[in-house]
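Quick notes on the structure that follows.
Any value given below was found using the heavy atoms of this structure, including those in side chains, with hydrogens, waters and symmetry copies removed. Residue numbers run from 1 in the order of the sequence given.
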Amino acid sequence: MCPCLFVFFAGMAQKVELTGKVVERSTGEPLVSALIKVKGLSQVALSDENGKYSISFDRSGVYVVTASYVGFGEATERVDLRRNQTADFFLDGNMQLEEVLVTSTAPDGRVKSLTMGVEKLSAVEIRQMPALMGEVDVIKAIQLLPGVQTASEGGSGFSVRGGSPDQNLILIDNATVYNASHLMGFFSIFNNDVLSGLDLYKGDMPLKYGGRLSSLLDVRTKSDPPERLKAVGGIGLISSRLTLEGPVGERTSWLAGGRRSYADLFLKLSSDEALRKSSVYFYDFNAKLTHRFSNRDIVDVSGYYGKDNFGAEPGDFRYGNGAVSTSWRHVYSDILSSRISFNVSNYDYGLQSKLEGARAAWESSMTDYMLRVDMTHSISEKWNLTYGLSSVMHRFRPGFARMDTGGDTEINYGVEGSNALEHSVYLSNEQKLSERLSVKYGARLSAFQNIGKATVFRYDGDYRVADSLTYAPGKIYNTYVAVEPRLGFVLRLAENSSLKANYLHNVQFMQLANNSASGSPLDVWFPASPNIKPQALDMFSAGYFHNLADNAYETSVELYYKNQKNVIDFAEHANLMLNRKLEGEVRTGRGKVYGAEFMARKTGGRLTGFVNYTLSRSERTIPGVNGGKTYLSPYDKTHNFNAVANFELSRKCALSVIWVYATGNPTTYPSGRFEIDGEYFPLYSGRNEYRRPDYHRMDLSFTYTPRPDTRKRWRGEWNVSLYNAYGRKNPWMITYNQHEDTGLPYAEMIYLFGVVPSITYNFTF
């Protein structure tokens, strides 16, 4: 062996590693970004989202290690490191912190981190925000972050930096979610009681994830084992929930949580017979099992299942999600670890109706099977590598309808399903060039393959079918390959300020057939194909980050510019439902989005919260749409302002206030009319030339904890909230009609919410 290699490996063999976790003593909850220091040495570490940390030492010996967290007492351990060892820290917290905003990053994490455009929220932060009808909601919480806008009033769809909702990759424990809504979008599928937190990447997502242009929403359920059986839940006006978790021996833990709404129970009290026979409700269930084979091997199995049901004369409608994720985390050494996971996700919906003796049904579904391997390899300060691969099987079933007229004849009509494979390999590195300058760079190689059985139509210049080709089952008949590079740096200007910049290239191979910004459970996903090229995005961003008053205040300014290719839109009056020739309705072109985000956050004291303002522009230029002229995208909002304040009035009482303002969505209004045989027809303006009225509202929430210092296992609190406290009538839909007598047109505005009060009792034991 070469002498230099012998010296290198011998030096590595002398290293020892200290690992463990930092948790709150009373609850067993992990403390994210707790600081672990070694006395007499410059080495420090921060705990991750699971409270885990790792420190490498060049040689064995006796060390004094201290763990600390803002608002908690310190814990110190004297560790005799003769070999790799584990030390856990249990910190005692000030119970007053249960009702203030707690950030899930290090005090100066936003300044130091190489990643920009990232927002983190803990389950505690989300729980404190006022909620619609008392139901705490992850999606409603992220809609308050800079650069994130609601797609429609009350909806769970969201737009990130001018992108469409289908450009957001949503994950729960590594499994993809295709429709994150309950009750037609008024609530999300995420039960806050089972979550540990979330990360929202506004474009600059980790290289191991891809397939979307705009953002990654990574939602995580709890993973650390509690010391004893625990329960948390709530009883509200519209829904109730209960989550249980506990240990099984020393190495296994479990979690199970469920929710159900019960608006359908109140309908049965109605004097109207039709309402008594109606139903409208949702339910969902989360479960997780974690087993620790050793300090180096952990296996997780988690699952989600949820359904929405709407029933009335003359039919019913249901839709839902299912997801299962299995992962194996293995630590090879103090510098190398892996995570192997297999995930299955499904979204489906169905309608059934009965009219005059005829029965009709329509079903649609989409299923993913994913295998991925992710490696983390921290060789040195200059080589912090992540690399891996993934492969996904997509199964698209756009729709199948059947009708039974009561005789011997049954009418069937369906859109042919399709399959596709999506593969990727990636490699990235984070490198510290100096004490002030760090860089990250890497690339992702993606491939997308369409698989038969399939019939592919060829269209002429007027989007009419010219001919078709049929491919046998299992035949790969089309392949796209894309290289997605990433580059970024952070320059520390001072201890409390930094300058960052990033470039990325993203490619998206699937999109949503939907020509309405409000979204719908009837949305149909369809893949890139010989007729539809994958969407692509180049984004340039830069930001300045500055903390004040010993990191008690965080401020930032981020600028971004996005250039989109093959952006999707649809022809005027496009038919998107059960259309075998859907690709003939698609129009593609270019898009441009740019903007600035301003953020200020206060993280400590009795008053916490943040304010942010986004100035942006999102436009498209697509041949065949709007006469080929540039027009605003449906998700363009020039101004967007959010303010969130949480004030601890006393040990027992806390008040939260939210105020939001946004420029109205672009829309197309009739600009004239013409008459044929006494009937008037509208003439429409150019696409999205007008705007709806501006949107604004205020939400209030008051929390009362009768016994904040009780030592009993049962702890309860009352939460009273007002959604849209001053009764602003924000437009949800604007329709156009004409007077029967004069024929003159007029507009009608439909709004969803006035003042919506709610009361919820939350408990833990």
Side-chain angles (χ1 to χ4, degrees), residues 139 151-152 154-158 164-166 168-170 172 175-190 259-261 263-264 278-286 303-324 344-355 358-369 394-404 411-420 510-527 570 574-580 582 585:
I139 302 297
S152 65
S156 62
F158 59 97
S164 57
D166 65 335
N168 305 317
L169 176 61
I170 304 175
I172 180 169
T176 305
V177 174
Y178 283 98
N179 189 315
S181 70
H182 276 315
L183 290 184
M184 310 295 281
F186 296 139
F187 306 106
S188 79
I189 67 169
F190 302 112
R259 294 185 298 173
R260 193 194 192 278
S261 67
D264 56 314
S278 301
S279 63
V280 50
Y281 66 92
F282 73 83
Y283 62 89
D284 56 32
F285 181 75
N286 293 84
Y304 168 84
Y305 182 77
K307 283 288 183 183
D308 282 72
N309 289 275
F310 303 86
E313 291 292 340
D316 59 73
F317 170 53
R318 52 91 184 156
Y319 70 94
N321 292 272
V324 177
V344 181
S345 61
N346 178 78
Y347 173 68
D348 63 77
Y349 62 81
L351 300 113
Q352 293 184 358
S353 64
K354 182 179 180 181
L355 286 171
R359 296 178 180 270
W362 174 17
E363 297 177 351
S364 178
S365 67
M366 180 176 178
T367 307
D368 281 357
Y369 304 89
H394 301 289
R395 295 174 60 87
F396 303 91
R397 297 295 177 264
F400 178 80
R402 60 182 179 274
M403 178 176 289
D404 181 1
I411 302 172
N412 294 322
Y413 182 86
V415 177
E416 186 178 37
S418 62
N419 300 320
M510 301 187 306
Q511 43 273 319
L512 199 58
N514 182 3
N515 53 12
S516 170
S518 60
S520 164
L522 302 181
D523 293 339
V524 175
W525 288 84
F526 64 99
F570 297 93
N575 176 23
L576 305 183
M577 299 292 102
L578 288 177
N579 187 351
R580 290 173 175 170
L582 175 65
E585 306 282 9

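Rounding to the nearest 0.5 Å places CD of E363 at 5.5 Å from CZ of R318. For the atom pair D368 CG and R395 CZ, the distance stands at 11.0 Å (nearest 0.5 Å). Within the model, atoms CG of D166 and OH of Y178 stand 11.0 Å from one another, a figure rounded to the nearest 0.5 Å. Atom CD1 in I172 sits 5.5 Å away from atom CZ in F190 (nearest 0.5 Å). Rounding to the nearest 0.5 angstrom, the gap separating the CZ atom in F317 from the CG atom in L351 is 5.5 Å. In this structure, CD1 in I170 is found 4.5 Å from CZ in F158, a value given to the nearest 0.5 Å.
Between Y349 and N179, the side chains place no donor N or O within less than 3.5 Å of an acceptor N or O (distance only, hydrogens not considered).
Side chain of N168 to backbone of P165: a donor-acceptor contact under 3.5 angstrom is found. N321 contributes no side-chain N or O that, together with a main-chain N or O of I189, makes up a donor-acceptor pair within less than 3.5 Å. Although no hydrogens or angles enter the test, the distance criterion places no donor-acceptor pair under 3.5 Å between the side chain of S181 and the main chain of S188.
Taking the six-membered ring for Trp and the full ring otherwise, F285 and Y283 have centroids separated by 6.0 Å or more.
Of all heavy-atom pairs between D348 and N346, the closest is OD2-ND2, 2.8 Å. Among all heavy-atom pairs drawn from H182 and K307, the shortest one is CE1-O, 4.2 Å. Contact detail for A513 and L576: the closest heavy-atom pair is C-CD1, 3.8 Å. When all heavy atoms are compared, the tightest approach of P398 to W362 is O-NE1, 4.3 Å. Contact between F570 and A574 at its shortest, heavy atoms only, is CB-CB, 3.9 Å.
With contacts defined as side-chain heavy-atom distances shorter than 4.5 Å, the pair V524/Q511 does not qualify. Considering only heavy atoms from C-beta on, F396 comes within 4.5 Å of M510 through its side chain. Side-chain atoms of F526 and V415, non-hydrogen and from C-beta on, never get closer than 4.5 Å to each other.
Remark: R259 is not positioned above the aromatic ring of F282, lacking an NZ or CZ atom under 6.0 angstrom from the ring centre and at most 45 degrees off the axis. For the pair R580 and Y413, the cation-pi criterion (under 6.0 Å, within 45° of the ring axis) is fulfilled.
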